[in-house]
Amino acid sequence: MADKDNRNHRLVCLMNDEEMEFMERYLRKYRITNKSRWMRETLVGFMYQNLGKDYPTLFDEQEMRR
């Protein structure tokens, strides 16, 4: 079984100047020094959050609120 900390896959994202400056300001403000770790945790956290919202249920939301 592979060690989960052994990261072998690269993900590339291109940003325009405005997006990059916005991200750099955010990182400075919150004193984030490990940009790779922050991006990975932010992306995976967002996906987990949405996965919970999209999880199939027996009833739709409106039926459960009645």
Side-chain angles (χ1 to χ4, degrees):
M1 182 171 176
D3 184 7
K4 75 175 186 176
D5 291 334
N6 187 9
R7 294 184 175 87
N8 298 317
H9 305 282
R10 180 179 300 268
L11 179 64
V12 177
C13 172
L14 298 177
M15 299 179 144
N16 63 29
D17 292 339
E18 186 178 326
E19 293 165 336
M20 190 65 185
E21 180 56 34
F22 179 67
M23 186 177 74
E24 293 294 339
R25 259 187 277 134
Y26 182 91
L27 297 174
R28 278 192 306 271
K29 179 179 179 177
Y30 293 101
R31 296 184 178 140
I32 297 167
T33 56
N34 189 331
K35 191 185 307 184
S36 178
R37 177 179 168 191
W38 172 76
M39 292 173 102
R40 189 173 50 253
E41 289 175 355
T42 301
L43 179 62
V44 172
F46 179 80
M47 290 187 308
Y48 272 124
Q49 209 172 36
N50 282 339
L51 192 60
K53 291 177 191 175
D54 295 342
Y55 192 78
T57 59
L58 187 55
F59 304 102
D60 66 17
E61 184 178 345
Q62 203 166 16
E63 289 176 321
M64 291 191 302
R65 290 180 185 246
R66 287 191 225 172

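Position 1 is the first residue of the sequence, and the numbers go up from there. Only a predicted model underlies this, so the values are computations on that prediction, with no experimental measurement involved.
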Could you tell me whether D17 atom CG has more than 12 heavy atoms of other residues or ligands within 6.0 Å of it? no
I'd like to know whether CZ of R28 has more than 12 heavy-atom contacts from other residues, nucleotides or ligands below 6.0 angstrom. yes
Please give the remaining members of the hydrophobic cluster of Y30, linking ILVMFWY side chains under 4.5 Å, ordered by chain and number. M15, M20, M23, Y26, L27, I32, W38, M39
So CG of N34 and CD of E41: to nearest 0.5 Å the spacing works out to 8.0 Å
